[in-house]
Amino acid sequence: MILIFKAFLILLLLVFGILLAIVVFTMADCEKHLVEMEYEMELEILKREQDEQLKNSE
């Protein structure tokens, strides 16, 4: 009886560990995409500012 309980507990911990790993890797991947999007937005803003400066200088 105790052996079955220990096996169940170990399996439960393994399942929670795998779920935690999946969540952590998914969050890291999402953060990487967000950082890439932020850089792209900053580049667009810089391009717009340069275009405005060129228009104003003409």
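Note that these values count all heavy atoms, side chains included, but never hydrogens, waters or copies made by symmetry.
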Visitor: Can you name the residues that form a side chain to side chain contact (heavy atoms under 4.5 Å, CB included) with Glu52, not counting sequence neighbours?
Guide: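 Side chain to side chain contact (heavy atoms under 4.5 Å, CB included) list for Glu52, sorted by chain: empty.
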
Visitor: Mind checking the CG-CG spacing from Leu46 to Asp51? Nearest 0.5 Å is all I need.
Guide: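 These two atoms lie 11.0 Å from each other.
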
Visitor: Output the rest of the hydrophobic cluster of Met41: all Ile, Leu, Val, Met, Phe, Trp and Tyr residues reachable through side-chain heavy-atom contacts under 4.5 Å, sorted by chain and number.
Guide: none

Visitor: Please indicate whether Glu36 has more than 12 foreign heavy atoms, meaning atoms of other residues, nucleotides or ligands, lying under 6.0 Å from its CD.
Guide: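 More than 12 within 6.0 Å, yes.
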
Visitor: Step through the shown structure and confirm whether more than 12 heavy atoms of other residues, nucleotides or ligands are within 6.0 Å of CG on Leu43.
Guide: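 Yes.
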
Visitor: Mind checking what makes side chain to side chain contact (heavy atoms under 4.5 Å, CB included) contact with Asp29, not counting sequence neighbours?
Guide: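 In terms of side chain to side chain contact (heavy atoms under 4.5 Å, CB included), with neighbours along the sequence ignored, Asp29 is linked to Lys32, His33.
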
Visitor: Go through the structure and list residues passing side chain to side chain contact (heavy atoms under 4.5 Å, CB included) with Ile22, not counting sequence neighbours.
Guide: Ile18, Thr26

Visitor: Linking Ile, Leu, Val, Met, Phe, Trp and Tyr through side-chain heavy atoms less than 4.5 Å apart, which residues share a cluster with Tyr39?
Guide: Val35

Visitor: If you round to the nearest 0.5 Å, how far is CG of Leu13 from CG of Leu20?
Guide: 12.0 Å

Visitor: I would like to know whether Glu38 and Leu34 meet side-chain contact (heavy atoms from CB on, under 4.5 Å); could you show each step before the answer?
Guide: CA-CA 6 Å; Glu38 185 178 353; Leu34 286 174; over 6 Å; no

Visitor: Excluding sequence neighbours, so at least two apart, what forms side chain to side chain contact (heavy atoms under 4.5 Å, CB included) with Gln53?
Guide: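 For Gln53, no residue satisfies side chain to side chain contact (heavy atoms under 4.5 Å, CB included) once neighbours in sequence are set aside.
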
Visitor: Between CZ of Phe8 and CD1 of Ile4, what distance do you get to the nearest 0.5 Å?
Guide: 11.5 Å

